[in-house]
Amino acid sequence: MTKTVYVLNGPNLNLLGTREPQVYGSQTLADVEQLCTEACARHGFTLVFRQSNHEGALVDWIHEAGRLHAAGQLAGLVLNAAAYTHTSVALLDAVKGTGVPLVELHISNVHAREPFRHHSYISAVARAVVCGLGVAGYGLAIDAIAQW
Ligand code: DQA
């Protein structure tokens, strides 16, 4: 049975490519999806790739991944919660409540940026954190999930 990788992206990541390119680079979210498609193909995973600017949508998708996890069909979830990383108890609770195996991902090195980006609600429930590797981090996160 093929396992699925969820890659969920939070607010403003739809603007990748034009948004602060000095911080996030010039690749678009479609480029990131392509990179994830290729990484999943390398490992025989099915990919679910989504983005939302709405916290509740991300919560619902984590629950959806949680149902696959309960059925033994989830390889892992890569979550770039973007700004919600630093604010969202709801996302923390969704990960805790479902037990999904999670890689927290940030394109930029949040620890080298403003102090309010140094705290993450997600890290406490993440198996791993990837940050500062640019969009290449997405592919590396999927490679790491394949080792779990
Ligand atoms: C981000 C870092 C967050 O602090 C920021 O709010 C984002 C993107 C990153 O990928 O580097 O929107 O998660």
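Note that ligands are numbered from 1 as they come in the structure, with each ligand's atoms numbered from 1 the same way.
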Engineer: Are there over 12 heavy-atom neighbours, none belonging to His54, within less than 6.0 Å of that residue's NE2?
Structural biologist: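 Counting other residues, nucleotides and ligands, NE2 of His54 stays at 12 neighbours or fewer.
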Engineer: Can you tell me which residue and heavy atom of the protein come closest to atom 10 (O) of ligand 1, and the distance to 0.1 Å?
Structural biologist: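 I find the closest protein heavy atom is Ile107 N, 2.8 Å.
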Engineer: With the threshold set at under 4.0 angstrom, would you say Asn12 reaches ligand 1 through any of its heavy atoms?
Structural biologist: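 Under 4.0 Å: no for Asn12.
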Engineer: Check for me, please, whether Val5 and Leu105 land in the same ILVMFWY cluster - side-chain distances under 4.5 Å, paths through other members count.
Structural biologist: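 Hydrophobic grouping puts Val5 with Leu105.
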Engineer: Just to confirm my output: which protein heavy-atom neighbour is closest to atom 5 (C) of ligand 1, and how far is it?
Structural biologist: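 Answer, as residue, atom name and distance: Arg117 NH1, 3.3 Å.
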Engineer: Less than 4.0 Å is my threshold; does some heavy atom of Asn80 fall inside it relative to ligand 1?
Structural biologist: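 The answer is yes: ligand 1 sits under 4.0 Å from a heavy atom of Asn80.
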Engineer: Considering non-hydrogen atoms of the protein only, which is the closest contact for atom 4 (O) of ligand 1, and what is the distance?
Structural biologist: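 Nearest neighbour among protein heavy atoms for atom 4 (O) of ligand 1, to 0.1 Å: His86 NE2, 2.7 Å.
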Engineer: Please state which protein non-hydrogen atom is closest to atom 2 (C) of ligand 1 and give its distance, to 0.1 Å?
Structural biologist: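 Going by distance alone, atom 2 (C) of ligand 1 is nearest to Val110 CG1, 3.6 Å.
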Engineer: Provide the number and element of each atom of ligand 1 under 4.0 Å from a heavy atom of Tyr24.
Structural biologist: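 Listed by number with element, the hits are 5 (C), 7 (C), 8 (C), 9 (C), 11 (O), 12 (O).
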Engineer: To which protein heavy atom is atom 11 (O) of ligand 1 closest, and what is the distance rounded to 0.1 Å?
Structural biologist: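 Sorting protein heavy atoms by distance from atom 11 (O) of ligand 1 puts Ser108 OG, 2.6 Å first.
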Engineer: Please determine whether side chain to side chain donor-acceptor pair (under 3.5 Å) holds for the pair Ser88 and Glu55, giving the CA-CA distance in whole Å, both sets of side-chain angles, and the decisive distance to 0.1 Å.
Structural biologist: CA-CA 8 Å; Ser88 180; Glu55 189 175 12; 2.5 Å; yes
Engineer: Between Phe116 and His86, what is the ring plane arrangement, given parallel below 30°, perpendicular above 60°, and tilted in between?
Structural biologist: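 Answer is perpendicular, since the angle exceeds 60°.
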Engineer: Indicate, as side chain, backbone, both or neither, the part of His106 found under 4.0 angstrom from ligand 1 when only non-hydrogen atoms are considered.
Structural biologist: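 Both parts.
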Engineer: Quick one: does His69's side chain have a donor or acceptor within less than 3.5 Å of a partner on Gly99's backbone?
Structural biologist: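 Yes, because the side chain of His69 sits within donor-acceptor range (under 3.5 Å) of the backbone of Gly99.
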Engineer: So is Arg19 in contact with ligand 1, going by heavy-atom distances below 4.0 Å?
Structural biologist: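 Distance cut 4.0 Å: Arg19 passes for ligand 1.
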Engineer: Between Tyr138 and Asp31, is the side chain to side chain donor-acceptor pair (under 3.5 Å) condition met? List the steps.
Structural biologist: CA-CA 11 Å; Tyr138 284 84; Asp31 295 330; over 6 Å; no
Engineer: Angle class for the Phe45/His43 ring planes (parallel below 30°, perpendicular above 60°, tilted otherwise)?
Structural biologist: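 Ring orientation of Phe45 relative to His43: tilted.
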